[in-house]
Amino acid sequence: MSLISFFSRRASPELSPLGVGHQTLFWLTLSYLLLVIPFYPQLNLFVYLVAIGTISGRYIMHMRQLPPPKRWLLNALAVVSGLFIIPLWWYGGLLESMINLLVLGTSLKFLEFHEKRDMGIHVLALFFLGGVLFIYHQEIWMAAYLLLTQLLCFVTLLSLYRKSPAPAQLAFTGKLLLQSLPLMLLLFVIMPRLSPLWQMPDAKQASTGLSERIAPEDISHLARSSERVFRATFEGEPPAARYWRVLVHEWFDGHSWNLSPATASWLSTAKTPGSRVADSITPPRWQGKIQRYTLMPDVNNQHWIYALERSTTTDASLVMTPYQGLISRLPQSQARQFTLERHEEEAPGQTLSTQERQVNLQLPASGNPKTRELALSLRAQSHSDAEVAQRAMDFFRSQGLVYTLEPPPLTGDGLDQLLFVTKQGFCAHFASSFAFMMRAAGIPARLVSGYLGGEYDAAAHFLTVYQYDAHAWVEVWLDGHWQRFDPTLMVAPGRLGQGVTELVPDAAALTDGALSLNRYRAFPLVNEMRMLLAQMDFRWSVWVLNFTSDKQEELLGKLWGKGLLSRLGVLLGGALLCVVLAWLIHRIWQRAPKQDLLLRRYLQGCQLMAQSGLARHHHETASHYAARIVAADHPAQAHFAELTALFCHARYQQQSSTVLQTMSRLLEEIKNTVKSNRYKISNKINNI
């Protein structure tokens with residue numbers, strides 16, 4: 001028994017490796033590879049190796065006409081590969097392990113399919129794989145990319161039943177997809193947007209951005225990332241000072257700032273499904289003009305909302321926090337948008353409880369003696385808390401501090417080293433030092449982390465905030481409410497109106513990703529393309545990703561009412577419209593059969609003769625027609641006779657490469673002869 005016969009079974013005709021053609025195998029492989037590539041962060045190296053091995057094995061079987069593997073070998077491979085998924089489930093989460101299992105099974109399928117039915121199942125698995133990809137990527141470029149992969153999947157199925165050149169298969173499949181486009185749009189608008197029947201397992205994907213614990217170097221690292229955080233639109237112009245509050249850190253351990261124990265406990269309880277603890281928080285009665293704005297966060301699996309100061313909402317999915325911020329009851333695992341209201345003025349008559357005062361005066365028992373001494377000196381020189389805060393801001397402006405993304409490392413008494421030795425830091429360094437000084441002077445203060453500014457697109461009227469817009473500032477309790485102080489503006493005044501990429505010369509080189517367009521925003525043409533792509537993605541997010549059931553009900557109600565009969569009429573009318581559009585696309589796509597150049601030249605000559613009054617009869621052959629032209633003594637008879645002879649010779653005997661050139665020359669001579677002898681020809685024909 002040979003080794004091949006031991007591992008392979010005899011193939012019946014319908015299971016022959018040649019039952020799937022080379023062209024079909026190529027389309028299937030291309031579709032599979034294009035679908036798997038975007039999954040590279042979630043897939044294990046073992047899955048890639050299995051994919052390469054199975055595809056290579058399939059091509060070897062196809063080229064050498066080898067029989068398929070025996071069933072026991074396929075089952076053994078499936079069991080061993082399935083066992084490998086168990087560790088991934090344990091360490092990577094259910095969703096990631098299931099994706100690896102799906103890709104692994106699709107890879108092993110390359111060794112098994114030999115019938116058209118098997119190929120259909122394989123392509124259906126690829127369709128499902130494309131849908132799974134939307135869990136991680138929902139941008140417009142990914143939608144266009146998936147549309148291309150779906151086109152190739154359809155071409156794979158078509159190649160099983162329609163043997164034709166690859167361009168013809170692509171064109172025919174493109175026509176079918178174009179015909180289905182109206183129906184897809186109709187269903188997108190009118191189909192009820194129901195909640196899923198099951199809960200999506202936790203993706204456990206790494207969420208980037210701010211965290212509950214913040215150290216000075218953390219925000220510096222975020223400033224090196226060009227990843228988008230959220231977008232916002234405003235009623236009217238956006239405010240000049242855009243401080244997007246995320247978290248308030250009230251507990252300082254000498255190096256990093258954390259949430260206070262009470263706040264951390266409250267947030268943990270509020271994030272628990274079904275908890276009503278957040279309903280007890282009443283927002284302050286902020287006053288002044290109200291400006292509405294819409295927030296569209298990117299998917300980050302976090303609960304907090306990036307809100308401007310003094311923001312409230314009527315959205316039931318958002319709740320107010322004890323530090324007057326906003327959080328979502330559920331993690332943001334899909335694209336959503338929220339409508340918020342920003343108040344212009346503070347609420348009067350607020351009080352700070354004894355416990356809150358103690359928390360916001362907390363400092364380690366020792367450390368940073370020079371900074372403590374400076375704070376006590378400022379207190380001794382001042383007559384009020386507000387004057388202490390202003391003197392501290394003046395200190396940051398007058399000490400020659402430098403704003404940089406790469407400050408020297410700080411050890412031991414880090415704040416003393418920053419203010420009196422290195423004098424180089426980032427926003428979190430300056431905010432941490434200022435909050436420490438206020439507390440050392442006996443004034444309640446807390447550090448706030450969030451984002452500052454953002455890039456405003458005046459053409460499309462939306463604002464985009466990136467990770468490099470991460471910022472930290474301080475809130476000080478003065479005159480009955482928390483007042484914002486930003487010592488970074490004393491060091492780098494341009495930070496209020498500029499992003500880090502404009503403020504720091506080398507910031508553009510530090511943004512991640514060699515293919516990131518933000519990296520090359522200094523080039524006008526690249527920047528214009530970046531802004532155009534951002535506008536397209538913004539429209540996609542507003543019109544497609546955020547087309548919720550509420551928006552659907554609102555749209556259908558405005559257009560056709562809310563009655564059942566009107567909805568039924570929309571469905572039937574839309575279906576009829578889709579049929580008509582598909583028929584029109586089919587008619588437009590149909591092309592008249594192309595005439596060869598030889599026949600076209602001859603017919604052009606016949607048309608010139610017809611213009612002279614000697615049209616060719618339907619029953620007349622080319623030779624008889626030429627004889628009639630000669631008998632009529634037409635001035636162009638010699639040229640037309642030669643044209644006819646060339647046509648007949650090339651048409652029925654052998655075509656030369658110079659025939660078309662000669663016929664073109666004769667046509668030009670016939671045309672000139674007819675034009676110059678128009679009246680003579682007309683009189684001669686009338687006398688016949």
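The figures that follow rest on heavy atoms only: side chains count, while hydrogens, waters and symmetry mates do not. Remember, predicted model here, so these are calculated numbers, not experimental data.
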A.B. asks: Quick check: do Leu28 and Leu126 have side-chain heavy atoms less than 4.5 Å from each other?
C.D. replies: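 When only atoms from C-beta onward are counted, Leu126 and Leu28 do touch, with a gap below 4.5 Å.
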A.B. asks: Might you work through the side-chain hydrogen bond (donor to acceptor under 3.5 Å, both in side chains) test for Ser268 and Ser265, ending with a clear yes or no?
C.D. replies: CA-CA 5 Å; Ser268 178; Ser265 177; over 6 Å; no
A.B. asks: For a quick test of reading the model, state the closest non-hydrogen atom pair linking Gly325 to Met320 and the distance between them.
C.D. replies: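 Here Gly325 and Met320 meet closest at O-SD, 3.1 Å.
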A.B. asks: Checking the side chain of His303 only, and the main-chain atoms of Ser328 only, is there a donor and an acceptor separated by less than 3.5 Å?
C.D. replies: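 Checking the backbone N and O of Ser328 against the side chain of His303, a donor-acceptor pair under 3.5 Å is found.
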A.B. asks: If you measure from CG on Leu533 to CD on Glu139, what distance do you get to the nearest 0.5 Å?
C.D. replies: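 Reported value, rounded in 0.5 Å steps: 12.0 Å.
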A.B. asks: Take Phe128 and Val132 through the test side chain to side chain contact (heavy atoms under 4.5 Å, CB included) and record every step on the way to the result.
C.D. replies: CA-CA 6 Å; Phe128 184 77; Val132 172; 3.7 Å; yes
A.B. asks: Indicate whether any N or O donor in one side chain lies under 3.5 Å from an N or O acceptor in the other, for Ser159 and Thr156.
C.D. replies: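 Per modelled atom types, Ser159 and Thr156 side chains form no pair under 3.5 Å.
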A.B. asks: Between Gln535 and Asp457, does any side-chain donor sit less than 3.5 Å from a side-chain acceptor?
C.D. replies: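 There is such a pair between these side chains.
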A.B. asks: Quiz question: by atom type and distance under 3.5 Å, do the side chains of Thr294 and Arg231 form a donor-acceptor pair?
C.D. replies: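 No, Arg231 and Thr294 have no side-chain donor paired with an acceptor closer than 3.5 Å.
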A.B. asks: Quick check: closest heavy atoms across Ala472 and Ala428, and the distance to 0.1 Å?
C.D. replies: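 Nearest pair, atom of Ala472 first, then Ala428: CB-CA, 4.0 Å.
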A.B. asks: Please check if the side chain of Gln332 supplies one atom and the backbone of Ile305 the other of a donor-acceptor pair under 3.5 Å.
C.D. replies: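 No, the answer is negative, given that no donor and acceptor are paired below the 3.5 Å cut-off.
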A.B. asks: With sequence neighbours left out, write down each residue that passes side chain to side chain contact (heavy atoms under 4.5 Å, CB included) with Tyr59, or none if nothing qualifies.
C.D. replies: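 Partners of Tyr59 by the side chain to side chain contact (heavy atoms under 4.5 Å, CB included) criterion, ordered by chain and then number, come out as His22, Leu25, Phe26, Thr29, Ile55.
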A.B. asks: Is it the case that the side chain of Asp537 and the backbone of Ala534 share a donor-acceptor pair, with hydrogens and angles ignored and the cut-off at 3.5 Å?
C.D. replies: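 Answer holds: no.
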A.B. asks: Using the ring-ring contact (aromatic ring centres under 6.0 Å, His included) rule, pick out the option among Tyr451, Tyr306, Phe230 that qualifies with Trp244.
C.D. replies: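 Exactly one pass, corresponding to Phe230.
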A.B. asks: Looking at residues at least two apart in the chain, or sitting in another chain, which of them share a salt bridge (Lys or Arg N to Asp or Glu O under 4.0 Å) with Asp298?
C.D. replies: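 For Asp298, the residues satisfying salt bridge (Lys or Arg N to Asp or Glu O under 4.0 Å) (neighbours in sequence not counted) are Arg228.
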A.B. asks: Decide whether Asp315 and Ser317 meet the rule of one side-chain donor and one side-chain acceptor closer than 3.5 Å.
C.D. replies: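 Yes.
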A.B. asks: Would you say the side-chain atoms of Thr173 pair up with the backbone N or O of Gln169, donor to acceptor, closer than 3.5 Å?
C.D. replies: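 Yes; at least one donor-acceptor contact below 3.5 Å.
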A.B. asks: For residues Trp27 and Thr24, determine if any side-chain heavy atom of one lies less than 4.5 Å from a side-chain heavy atom of the other.
C.D. replies: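 Of all side-chain heavy-atom pairs linking Thr24 with Trp27, none is under 4.5 Å.
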A.B. asks: For a 4.5 angstrom cut-off between non-hydrogen side-chain atoms, does Pro38 reach Met142?
C.D. replies: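 SC-SC contact between Pro38 and Met142 confirmed.
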A.B. asks: Return yes if some donor-acceptor pair links the side-chain N/O of Thr313 with the main-chain N/O of Thr339 below 3.5 Å, else return no.
C.D. replies: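 It does hold such a pair.
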A.B. asks: Using the ring centroid of each side chain, check whether Phe110 and Tyr32 are separated by less than 6.0 Å.
C.D. replies: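 Centroid separation for Phe110 and Tyr32: below 6.0 Å.
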A.B. asks: Before giving the answer on side chain to side chain contact (heavy atoms under 4.5 Å, CB included), spell out for Trp266 and Thr269 the whole-Å C-alpha distance, their side-chain angles and the decisive distance to 0.1 Å.
C.D. replies: CA-CA 5 Å; Trp266 185 93; Thr269 305; 5.9 Å; no
A.B. asks: Regarding His122 and Thr106, do their side chains bring together a donor and an acceptor under 3.5 Å, going by distance alone?
C.D. replies: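 Side chains of His122 and Thr106: no pair found under 3.5 Å.
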A.B. asks: Got a sec: does the CH2 of Trp540 have more than 12 other heavy atoms crowding it under 6.0 Å?
C.D. replies: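 Atom CH2 in Trp540 is packed in, count exceeds 12.
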A.B. asks: How many angstroms lie between NE2 in His249 and OG1 in Thr263, if you round to the nearest 0.5 Å?
C.D. replies: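 It comes to 10.5 Å.
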A.B. asks: To the nearest 0.5 angstrom, please state how far the OG atom of Ser541 sits from the CE atom of Met296.
C.D. replies: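 One gets 6.5 Å once the value is rounded to the nearest 0.5 Å.
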A.B. asks: If you look at every heavy atom in Ile327 and Thr321, which pair is closest and at what distance?
C.D. replies: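 So the minimum-distance heavy-atom pair works out to CG2-CG2, 3.4 Å.
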A.B. asks: Report yes if the side chains of Asp469 and Val229 come closer than 4.5 Å at any heavy-atom pair, otherwise no.
C.D. replies: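 The answer is no, as the side chains (C-beta and beyond) never meet within the 4.5 Å cut-off.
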A.B. asks: When you compare the side chain of Thr233 with that of Leu463, does any pair of heavy atoms fall below 4.5 Å?
C.D. replies: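 When only atoms from C-beta onward are counted, Thr233 and Leu463 do not touch, as no gap falls below 4.5 Å.
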A.B. asks: Below 6.0 angstrom between ring centroids: does that apply to Phe154 and Phe127?
C.D. replies: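 Yes, ring centres under 6.0 Å apart.
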A.B. asks: Could you walk me through whether Tyr293 and Leu308 satisfy the side chain to side chain contact (heavy atoms under 4.5 Å, CB included) test, starting with their C-alpha distance in whole Å, then the side-chain angles of each, then the deciding distance to 0.1 Å, before giving a yes or no?
C.D. replies: CA-CA 10 Å; Tyr293 63 98; Leu308 293 172; 3.7 Å; yes
A.B. asks: Would you indicate whether the side-chain heavy atoms of Glu212 and Trp304 approach each other to under 4.5 Å?
C.D. replies: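 Answer yes - side chains close enough.
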A.B. asks: For the residue pair Leu247 and Val448, establish whether any side-chain heavy-atom pair is separated by less than 4.5 Å.
C.D. replies: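 No - every pair of side-chain heavy atoms lies 4.5 Å or more apart.
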A.B. asks: More than 12 non-hydrogen atoms from neighbouring residues, nucleotides or ligands closer than 6.0 Å to CE on Met536, yes or no?
C.D. replies: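 No, CE of Met536 has 12 or fewer neighbouring heavy atoms, counting only those of other groups under 6.0 Å.
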A.B. asks: Is Asn258 reaching over with its side chain to a backbone N or O of Ile214, donor-acceptor style, under 3.5 angstrom?
C.D. replies: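 Not confirmed, Asn258 side chain does not pair with Ile214 backbone.
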A.B. asks: With rounding to the nearest 0.5 angstrom, report the CZ to OG1 distance, Arg530 to Thr464.
C.D. replies: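 One gets 8.5 Å once the value is rounded to the nearest 0.5 Å.
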A.B. asks: Start with the C-alpha distance between Phe39 and Ile99, add both sets of side-chain angles, then the distance that settles side chain to side chain contact (heavy atoms under 4.5 Å, CB included), and finish with yes or no.
C.D. replies: CA-CA 9 Å; Phe39 281 109; Ile99 290 176; 3.9 Å; yes
A.B. asks: Please report the shortest heavy-atom distance between Leu146 and Gly130, naming the atom on each side.
C.D. replies: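 Residues Leu146 and Gly130, closest heavy atoms: CD1-O, 3.4 Å.
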A.B. asks: Other residues, nucleotides and ligands only: do more than 12 of their heavy atoms fall within 6.0 Å of CZ on Phe134?
C.D. replies: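 Above 12, so yes.
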A.B. asks: Would you say that Leu326 contacts Phe338 through its side chain, given a criterion of any heavy-atom pair below 4.5 Å between the two side chains?
C.D. replies: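 They are not in contact (no side-chain heavy atoms under 4.5 Å apart), so the answer is no.
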A.B. asks: Check for a donor-acceptor pair, side chain of Arg336 on one end and backbone N or O of Leu295 on the other, with a separation under 3.5 Å.
C.D. replies: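 No; zero donor-acceptor contacts below 3.5 Å.
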A.B. asks: About how many Å separate OG1 of Thr149 and CD1 of Ile37, when rounded to the nearest 0.5 Å?
C.D. replies: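 Ile37 atom CD1 to Thr149 atom OG1 measures 11.0 Å (nearest 0.5 Å).
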A.B. asks: Kindly compute the distance separating OG (Ser311) from CG (Leu318), expressed to the nearest 0.5 Å.
C.D. replies: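 Ser311 OG to Leu318 CG: 11.0 Å, rounded to 0.5 Å.
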A.B. asks: Please report the closest heavy-atom contact between Leu259 and Trp251, naming both atoms and the distance.
C.D. replies: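 Answer, listing the atom of Leu259 first, then Trp251: O-CB, 3.9 Å.
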A.B. asks: Please find the pair of heavy atoms, one from Cys153 and one from Leu35, that lie closest to each other, and give the distance.
C.D. replies: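 In this case the closest contact between Cys153 and Leu35 is SG-CD1, 4.4 Å.
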